[in-house]
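Only one structure is covered here, and it is reproduced in the block below.
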Amino acid sequence: MSRKKYCKRIQFLDDWSLKTKLYILFIFCVLVPVLVTNTVFYQSIKGNIEEKEHSRFNEMQQRIKFNLRNSIDNSLYVSNFLYTDGTLNRFMEFKYRDQEDYYSAYYDMLSNNNLVRYYYSYQQVNQITFYVGNDTFVNGGNFIKLDDEVKKSDWYQALMNTSDHIMIYSYFDKQQAEMSQSQGGRKVSIIRKLDYFGEQQVEKVLKVDLDYAFINKSLKNEGANGKVYVVSDGRVIFSNDSKMNQMRKPFNLIANSPIDPVQSMQSIPVVSEDWQIVVSTEKLDVLSEIVNSKLNLTLLIILNLLVPTLLIWLISRSLVIRVDRIAKHLDQVKHEKFEVISGPVGKDEIGSLTHSYNMMVIKIKNLIEIVFKGQVERQALELSKKQAELKALQSQVNPHFMFNTLETIRMRSLIKDELETSDVIHKLALLLRQTINWGDDLITIAEEINFVESYLSIQQYRFGEKLQFAIRITDESIAAMMIPKLTVLTFVENACIHGIEGTSNDGVVEVLFEIRSNELYISIRDTGVGMDQDKLASLRKMMQDPSMDRMSELSSIGMMNAYIRLRMYFDDFVQVHIFSEKGKGTTIGIQIPLMQASQE
């Protein structure tokens with residue numbers, strides 16, 4: 001089958017909306033397979049899962065019963081051994097003269113029997129305590145006097161009220177709960193009367209405390225999918241439920257505990273009581289056994305993959321081919337190639353996207369022809385205008401500066417017949433040689449300082465001791481920054497010609513370069529004649545809107561010329577401030593951001 005015929009056969013898919021295609025994918029590739037799979041698997045393995053869960057449940061019960069029985073039997077074994085220990089019995093029956101006699105007998109008893117060895121051999125035993133009605137005993141270690149306070153305790157009263165010689169008793173020791181945060185106050189103890197050797201001279205009681213934490217820990221390893229509760233006399237003694245197993249609080253009543261559902265309840269005789277083991281498990285995990293039915297799994301995999309794969313392949317091909325075609329054309333747009341997508345595009349959302357793309361390409365071409373070319377022409381005209389203005393300013397600076405300097409030398413030569421004139425002319429020649437070349441209008445501040453120093457030396461030659469000058473730079477990094485050529489020199493020239501020359505007193509010109517708050521600050525100050533407030537206000541107003549046309553309104557164009565050139569290079573980032581007072585002098589402040597002045 002040719003590709004052309006094949007494309008015609010599946011072309012009708014291109015006319016369906018994406019929503020329709022997604023519904024088809026969901027129904028035939030997700031909903032139907034899932035329903036069929038769940039039904040078949042649920043019916044086929046439900047019985048197997050229930051049987052395995054029941055078996056696992058019975059095994060868990062047997063392990064819990066065995067571990068609990070083992071812990072109690074070990075504690076009973078220790079209790080029985082101590083119950084029949086004759087050495088221990090004689091030690092408790094004997095009347096001692098004083099404490100020294102008691103302690104001597106105590107250490108002899110420990111060295112001659114196995115009390116300590118048996119006490120530490122069984123992890124299930126937490127504490128062994130002998131309560132002895134012998135007034136010559138000293139409280140300490142495992143031996144406590146059987147006094148009135150002990151006889152008032154609940155466990156002792158319970159022992160006295162039973163006809164048995166041994167009992168198991170669970171209770172909450174509030175005093176221990178307050179003293180020990182790790183062990184808590186819950187206790188389960190095997191308590192018995194020490195009457196093995198017949199009638200005795202003193203009353204003796206043995207209390208073996210089970211290791212409550214050890215038994216609880218063993219329960220936590222059981223019932224991973226459920227909860228286990230060991231109940232005695234309506235109270236939950238042990239449990240793997242953290243809410244019921246708070247060792248610093250009294251035992252909870254099983255009636256007040258939300259246990260649901262109860263899967264099993266089994267009794268276990270423990271010494272003098274019958275305990276109940278209550279187990280509550282979660283719902284059966286039916287899906288965990290799905291993989292065990294290999295035949296059904298294989299058939300369902302074929303059913304779930306073959307039909308959906310074919311359907312998804314046909315629909316995805318309808319989407320991918322056209323989306324890929326759009327992507328290739330969009331990739332060409334990045335290389336400024338705008339081509340219309342040709343051929344059938346379909347009636348669905350991708351077809352609408354293709355039509356929109358074609359219209360976008362056509363509009364972009366029109367914008368390029370109309371807007372972009374027009375903008376380029378306007379920018380070219382604007383650039384030409386700027387260049388013409390800059391060249392006009394440059395052409396005005398050279399003769400303006402040269403004529404003023406030559407006039408200075410001429411005046412000095414007429415007044416005094418001196419050979420020093422040759423030295424001034426030499427400096428002037430060097431200065432003019434640098435200013436004539438406008439190829440690089442941006443120069444370093446170090447080069448500009450050389451111009452200013454040469455010019456002020458010439459002016460000092462003219463004025464003599466009447467003129468003093470100082471040039472300071474506060475930071476070495478300033479010397480490498482760039483500014484337009486002769487800008488500072490223009491302001492210095494204005495200070496000499498219009499400031500110092502007009503005063504009969506001695507004058508000073510100071511030039512300062514410093515950094516203030518991320519800005520390059522240049523200050524040119526003179527102590528000349530200054531200017532009145534009207535002239536200062538007029539000059540400031542013109543500086544707010546500088547232009548080539550307004551320069552004709554000034555008698556001296558040097559300052560405006562320099563300011564316009566600064567704005568051409570630094571745009572609106574540069575600021576020039578003028579401060580002047582009649583008879584005291586003028587100060588010019590120039591502020592340029594360091595980022596702008598540092599760019600070459």
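Since the structure is predicted, the reported quantities are computational estimates derived from the model, not experimental observations.
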Shortest non-hydrogen contact from [X] toward [Y]:
{"X": "Phe251", "Y": "Tyr171", "result": "CE1-O, 3.4 Å"}
{"X": "Val188", "Y": "Ser170", "result": "CG2-CB, 4.0 Å"}
{"X": "Tyr229", "Y": "Val236", "result": "CD2-CG1, 4.1 Å"}
{"X": "Asp274", "Y": "Pro269", "result": "OD1-CA, 3.4 Å"}
{"X": "Ser75", "Y": "Ile190", "result": "CB-CD1, 3.7 Å"}
{"X": "Lys65", "Y": "Ser267", "result": "NZ-O, 4.5 Å"}

Minimum side-chain heavy-atom gap [X]-[Y] below 4.5 Å:
{"X": "Glu514", "Y": "Glu519", "result": "no"}
{"X": "Lys193", "Y": "Ile166", "result": "no"}
{"X": "Asp164", "Y": "Leu159", "result": "no"}
{"X": "Asn74", "Y": "Val78", "result": "no"}
{"X": "Val278", "Y": "Val228", "result": "no"}
{"X": "Ser477", "Y": "Ile515", "result": "yes"}
{"X": "Leu206", "Y": "Ile128", "result": "yes"}
{"X": "Leu88", "Y": "Met109", "result": "yes"}

inquiry  = Set out, in order, the CA-CA distance, both residues' side-chain angles and the distance that settles side chain to side chain contact (heavy atoms under 4.5 Å, CB included) for Met92 and Asn134, then state yes or no.
reply    = CA-CA 7 Å; Met92 291 186 289; Asn134 189 339; 5.9 Å; no

For the atom pair [atom1] ([X]) and [atom2] ([Y]), what is the distance rounded to the nearest 0.5 Å?
{"X": "Asp98", "Y": "Ser104", "atom1": "CG", "atom2": "OG", "value": "10.0 Å"}
{"X": "Tyr156", "Y": "Asn161", "atom1": "OH", "atom2": "CG", "value": "10.5 Å"}
{"X": "Phe214", "Y": "Asn67", "atom1": "CZ", "atom2": "CG", "value": "8.0 Å"}
{"X": "Gln591", "Y": "Ile522", "atom1": "CD", "atom2": "CD1", "value": "10.5 Å"}
{"X": "Leu520", "Y": "Phe570", "atom1": "CG", "atom2": "CZ", "value": "8.5 Å"}
{"X": "Glu203", "Y": "Leu194", "atom1": "CD", "atom2": "CG", "value": "10.0 Å"}

Is it true that a side-chain atom of [X] and a backbone atom of [Y] form a donor plus acceptor pair closer than 3.5 Å?
{"X": "Thr444", "Y": "Met482", "answer": "no"}
{"X": "Lys145", "Y": "Phe137", "answer": "yes"}
{"X": "Tyr212", "Y": "Ile237", "answer": "yes"}
{"X": "Thr162", "Y": "Ala158", "answer": "no"}

ask   = Cationic tip of Arg186 within the cone over Phe172's six-membered ring, i.e. under 6.0 Å and within 45° of the normal?
value = no

ask   = Would you find more than 12 non-hydrogen atoms of other residues, nucleotides or ligands less than 6.0 Å from Arg69 atom CZ?
value = yes

Could you verify whether a donor N or O on one side chain and an acceptor N or O on the other, from [X] and [Y], lie under 3.5 Å apart?
{"X": "Asn142", "Y": "Thr129", "answer": "no"}
{"X": "Trp275", "Y": "Glu273", "answer": "yes"}
{"X": "Tyr83", "Y": "Asp195", "answer": "yes"}

message = Using the side chain to side chain contact (heavy atoms under 4.5 Å, CB included) definition, which of the options Thr136, Asp101, Asn89 pairs with Phe94?
response = Asp101

ask   = Is the Phe143 ring parallel, tilted or perpendicular to the Phe130 ring (thresholds 30°, 60°)?
value = parallel

query = Can you say whether the rings of Tyr106 and Tyr102 are parallel (under 30°), tilted (30 to 60°) or perpendicular (over 60°)?
reply = parallel

task = Only pairs at least two apart or in different chains count here, so list each salt bridge (charged side-chain N to carboxylate O under 4.0 Å, His left out) that has a residue in residues 125-134.
result = none

request  = Write out all pairs satisfying salt bridge (charged side-chain N to carboxylate O under 4.0 Å, His left out) with one or both partners inside residues 86-96, taking only residues at least two apart or from two chains.
outcome  = Glu93-Lys204

query = Between Ile191 and Val205, is a side chain to side chain contact (heavy atoms under 4.5 Å, CB included) present by the stated rule, with each step listed?
reply = CA-CA 7 Å; Ile191 307 171; Val205 177; 3.8 Å; yes

ask   = Where do Val271 and Tyr169 land on the side chain to side chain contact (heavy atoms under 4.5 Å, CB included) test, with the steps shown first?
value = CA-CA 10 Å; Val271 189; Tyr169 189 76; over 6 Å; no

task = Identify whether the distance between the nearest side-chain nitrogen and carboxylate oxygen of Lys151 and Glu149 falls below 4.0 Å.
result = no

key: Worked check of side chain to side chain contact (heavy atoms under 4.5 Å, CB included) between Ile592 and Phe573   = CA-CA 6 Å; Ile592 305 173; Phe573 296 108; over 6 Å; no

